[in-house]
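Below is one structure, written out as structure tokens, with a few remarks after it.
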Amino acid sequence: MVYEVPALPYPYDALEPHIDAETMEIHHTRHHAGYVHNLNKLLDGRRELQSLPLEEILYDIGRVPEAIRQDVRNHGGGHLNHSLFWRIMTPGGSQPPQGTLGQTLIEQFGSFRRMTDKFTQAAMARFGSGWAWLAVEPTGQLTVFSTPNQDSPLMYGCQPILGLDVWEHAYYLKYQSRRADYIAAWWSVVNWNRVAELYARSASRIERKSK
């Protein structure tokens, strides 16, 4: 399998003023493209890995030969994380989730606001480069946590449904060192409709496994 950088579902300037067009273009065409290029190089000729979905490789990262494991962790995680990131954002954002996801957030966190506060805290507390996540545990419980560098929640047994890139390249051109301002602005472009779809898909997968 040869991996490719997915096209964005909106123009580079579509998330203005919250995320600027120059950052989006550099982030997509250089950073994400770099992860894809390096991942393809790493897996070139390794048919036992090329035949597997990337999600499966990262979920069982220990199966990757030690000589390339850390690099696959970095570049494979970078590709998968960014592929999710672009699609859980949308111009103008969307209304907070109702339905099953909305109710589950209230049940498990106390309120939608408490979940977003906890997520923001995780994003702010991540020292250096990394991500903040809302993910589904194997039990079906929702959890908020952060990971270093380009680690995917899959490496920790969880299915990501919402992720925020807090590497400085994701915000430095507009916000410089003001990570808190970037996080606050980002909530305005979250595509909760997409997050709800990902949650429903994860819940369905867990239900099928339990039968």
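One is the number of the first residue; the rest follow in order along the sequence.
- Residues Leu52 and Asp60 form no side-chain contact, since every pair of their non-hydrogen atoms from C-beta on lies 4.5 Å or further apart.
- Nearest heavy-atom pair, Asp165 versus Tyr182, reported as atom, atom and distance to 0.1 Å: O-OH, 2.7 Å.
- Both Tyr12 and Leu15 belong to a common hydrophobic cluster when Ile, Leu, Val, Met, Phe, Trp and Tyr are linked at side-chain heavy-atom distances under 4.5 angstrom.
- Linking Ile, Leu, Val, Met, Phe, Trp and Tyr residues whenever their side-chain heavy atoms come within less than 4.5 Å leaves Leu173 and Tyr171 in two separate clusters.
- For the pairing with His32, the ring-ring contact (aromatic ring centres under 6.0 Å, His included) check across His79, His169, His27, His37 returns one residue only, His79.
- Interatomic distance, Lys41 NZ to Asp71 CG, rounded to the nearest 0.5 Å: 10.0 Å.
- The OG1 atom of Thr143 lies 11.5 Å from the CE atom of Met115; values are rounded to the nearest 0.5 Å.
- To the nearest 0.5 Å, atom CG of residue Leu105 and atom CZ of residue Arg113 are 14.5 Å apart.
- Summarising the local packing, CD of Glu48 is surrounded by more than 12 heavy atoms from other residues, nucleotides or ligands at distances under 6.0 Å.
- In this structure, CG on Leu80 lies 6.0 Å from CG on Leu154, to the nearest 0.5 angstrom.
- Pro148 has its side chain within reach of Arg126: a pair of non-hydrogen atoms, C-beta onward, lies under 4.5 Å apart.
- The existence of a salt bridge linking Glu56 and Arg63 is confirmed by a sub-4.0 Å separation between a basic side-chain nitrogen and an acidic carboxylate oxygen.
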message: As a quick check of understanding, evaluate side-chain contact (heavy atoms from CB on, under 4.5 Å) for His75 and Tyr3, giving each step before the final call.
response: CA-CA 11 Å; His75 299 293; Tyr3 296 102; over 6 Å; no
query: Stepwise, does the side-chain contact (heavy atoms from CB on, under 4.5 Å) test hold for Thr90 with Asn193?
result: CA-CA 10 Å; Thr90 190; Asn193 295 331; over 6 Å; no
- request: Kindly determine whether Leu49 and Val72 satisfy side-chain contact (heavy atoms from CB on, under 4.5 Å), including the steps that lead there.
  value: CA-CA 11 Å; Leu49 294 177; Val72 170; 5.6 Å; no
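- Considering all non-hydrogen atoms of both residues, Pro9 and Arg87 come closest at CG-CG, 4.5 Å.
- Summarising the local packing, CD of Gln50 is surrounded by more than 12 heavy atoms from other residues, nucleotides or ligands at distances under 6.0 Å.
- Other residues, nucleotides and ligands place more than 12 heavy atoms under 6.0 Å from the CD atom of Gln108.
- Using a 4.5 Å heavy-atom cutoff, the side chains of His28 and Met24 are not in contact.
- Counting all heavy atoms, side chain and backbone alike, Val144 lies closest to Ala122 at CG1-CB, 4.1 Å.
- Between Trp133 and Asn81, the closest side-chain pair of non-hydrogen atoms falls below 4.5 Å.
- Nearest heavy-atom pair, Ile88 versus Ile161, reported as atom, atom and distance to 0.1 Å: CG2-O, 3.8 Å.
- The hydrophobic cluster containing Tyr172 does not contain Val166, counting ILVMFWY residues as joined when their side-chain heavy atoms lie under 4.5 angstrom apart, directly or transitively.
- In the hydrophobic cluster analysis, where Ile, Leu, Val, Met, Phe, Trp and Tyr join through side-chain heavy atoms closer than 4.5 angstrom, Ile106 is grouped apart from Val195.
- At least one donor-acceptor pair closer than 3.5 Å links the side chain of Asn40 to the backbone N or O of Val36.
- Each of Trp131, Trp186, Phe112 was evaluated against Phe119; a single residue qualifies, Trp186, per the ring-ring contact (aromatic ring centres under 6.0 Å, His included) test.
- Not one N or O on the side chain of Ser204 forms a donor-acceptor pair closer than 3.5 Å with the backbone of Ala200.
- Atom CD of Gln95 sits in a sparse spot, with 12 or fewer heavy atoms from other residues, nucleotides or ligands closer than 6.0 Å.
- Counting only heavy atoms from C-beta outward, the side chains of Thr147 and Met155 never approach each other to under 4.5 Å.
- Separating the OG1 atom in Thr120 from the CZ atom in Arg179 is a distance of 11.5 Å, to the nearest 0.5 Å.
- In this structure a side-chain-to-backbone donor-acceptor pair under 3.5 Å is present from Arg69 to Val64.
- A heavy-atom distance below 4.5 Å is found between the side chains of Gln150 and His82.
- Annotation: Gln176, atom CD; neighbour count of heavy atoms from other residues, nucleotides and ligands within 6.0 Å is above 12.
- Under the 3.5 Å distance criterion, with hydrogens and angles disregarded, a donor-acceptor pair is assigned to the side chains of Tyr156 and Asp151.
- For His18 (side chain) and Pro91 (main-chain N/O), no donor-acceptor pair under 3.5 Å exists by modelled atom type.
- Rounding to the nearest 0.5 Å places CG of Leu142 at 6.5 Å from CG of Leu101.
- Minimum interatomic distance between Tyr35 and Asn74 (heavy atoms only, all atoms of both residues): CD2-O, 4.2 Å.
- Under a hydrophobic-cluster definition in which Ile, Leu, Val, Met, Phe, Trp and Tyr are linked whenever side-chain heavy atoms come within less than 4.5 Å, directly or via other members, Trp167 and Ile183 are assigned to the same cluster.
- When all heavy atoms of Ser202 and Val136 are compared, the pair lying nearest together is CB-CG2, 4.0 Å.
- Annotation: side chain of Pro97 is not in contact with side chain of Thr104 (no heavy-atom distance under 4.5 Å).
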